[in-house]
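Have a look at the structure below, then the notes.
As the structure lists them, so they are numbered: ligands from 1, and atoms in each ligand from 1.
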Amino acid sequence: MTLTVLFAASPLNLKEVDDSYADEYRCAQAAGLFVGLIDLDPLLLGASPQQAVKRLSRPDSCEPGPALYRGWMLRPGDYTRLYEALLTRNLRLINSPQHYMHTHYLPESYPKIEGVTPESVWFPVRDRTAVEEAGSRAVEAVRRFGDRPIIVKDYVKSRKHEWTEACYIPDASDQGRVRQTVRRLLELQGAEFSEGLVFRAFEELEALSLHPQSGMPLSREIRVFVLDGEPVFVSTYWEAGEDAAFNERLGEFEEIIRSVESRFFTIDFAKTKKGPWIVLELGDGQVAGLPDDTPPALFYGKLKQQWDSTDQPIDGS
Ligand SMILES: Nc1ncnc2c1ncn2[C@@H]1O[C@H](COP(=O)(O)OP(=O)(O)O)[C@@H](O)[C@H]1O
Ligand SMILES: [Mg+2]
């Protein structure tokens, strides 16, 4: 069955796609996928998930039609409400709410990537305003890193653009610095803060340059979108030859990729100075941005092609 890609409607005109996704919408349609619009506001404001999906026409099949959301990150509760509301329109999102959580929160999928991703510890933070308490727990949690450098983020996102004040900690045994960085992260995340704190060993990555404003190292990183266990799109911003080298390495991660409990997700890789490629993080493919230089036409073309090659109707029609 043809995949329906759902985008956020513009809050100013619910019949049009939100500006931020206009290119993707056009390219998905041009690739031969169905497209639809959802009104995110009622969903996010906790009002009516039904309201969010009411403009979608129901695919008229006995089975729910397959659907994929492309848009901003959703909290797992909102994703679940969207998933359920869409079922009443006879559409089923590609990832169940459990799938979504699995790659959205780092601690959920960490066991799948442990060993090929920086060593990580975490703890939940129930009250993000209890800054002193979070700082004390952090000091305890990072003892295992000794005096090594680490980074801190929440279960979903970092403040990588505030690298030196809210992300990078040069020495994990520097208690003052740990507390101060945690405080700043909590402050900057504010209401967007997700679930808890994650501390990760900092790995020297092959550097391209330093971000001129934030001082964040810009390194060699690649985002791979995976559909049903197969890489469907590999982001690339390098010379052709280097891409081929990466594609060979990718094969070494096949078993890990297949073990991830999600039909559509991203896996971000970075090249370490020591040589090996490591996994930085996983994410739900529906809410992961296309890397800057990705032509959306290419992305949706590949997605359509791979969807068609694996989703053969049982009766062959
Ligand atoms: N453990 C690490 N070692 C070295 N650099 C890292 C590490 N974790 C993250 N980074 C750098 O910080 C950036 C943001 O980290 P990431 O975990 O991807 O957070 P976000 O969810 O905000 O994208 C990465 O793209 C990478 O450049
Ligand atoms: Mg990232």
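Not one N or O on the side chain of Trp277 forms a donor-acceptor pair closer than 3.5 Å with the backbone of Val116. Ser48 places no side-chain N or O within donor-acceptor distance of the main-chain N or O of Pro42, the cut-off being under 3.5 Å.
Distances from the Mg ion (ligand 2) under 2.8 Å pick out these protein N/O/S atoms: Glu281 OE2.
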Show me the donor-acceptor pairs, under 3.5 Å and distance only, between side chains in residues 140-148 and residues at least two apart or in other chains.
from: Glu140; atom 1: OE1; to: Arg143; atom 2: NE; distance (Å): 3.3
from: Glu140; atom 1: OE2; to: Arg143; atom 2: NH2; distance (Å): 2.8
from: Arg144; atom 1: NH1; to: Glu119; atom 2: OE2; distance (Å): 2.9
from: Arg148; atom 1: NE; to: Phe145; atom 2: O; distance (Å): 3.4

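Looking at Glu132 and Arg183, a side-chain N of the basic residue comes within less than 4.0 Å of a carboxylate O on the acidic one, giving a salt bridge. For Glu133 and Arg137, the salt-bridge test fails: no basic side-chain N is under 4.0 Å from an acidic carboxylate O.
When heavy-atom distances to ligand 1 are checked against 4.0 Å, the residues falling inside are Pro118, Ile151, Lys153, Val156, Lys157, Ser158, Lys160, Trp163, Ala201, Phe202, Glu203, Leu205, Ser219, Glu221, Leu280, Glu281, ordered by chain and number.
Not counting sequence neighbours, Arg92 has no partner by the salt bridge (charged side-chain N to carboxylate O under 4.0 Å, His left out) test.
Note that CZ of Arg184 is 8.5 Å distant from CZ of Arg159, once rounded to the nearest 0.5 Å. Thr88 contributes atom OG1, which lies 13.0 Å from atom NZ of Lys54 (distance to the nearest 0.5 angstrom). The line from CD of Glu187 to CZ of Arg128 is 10.5 Å long, rounded to the nearest 0.5 Å.
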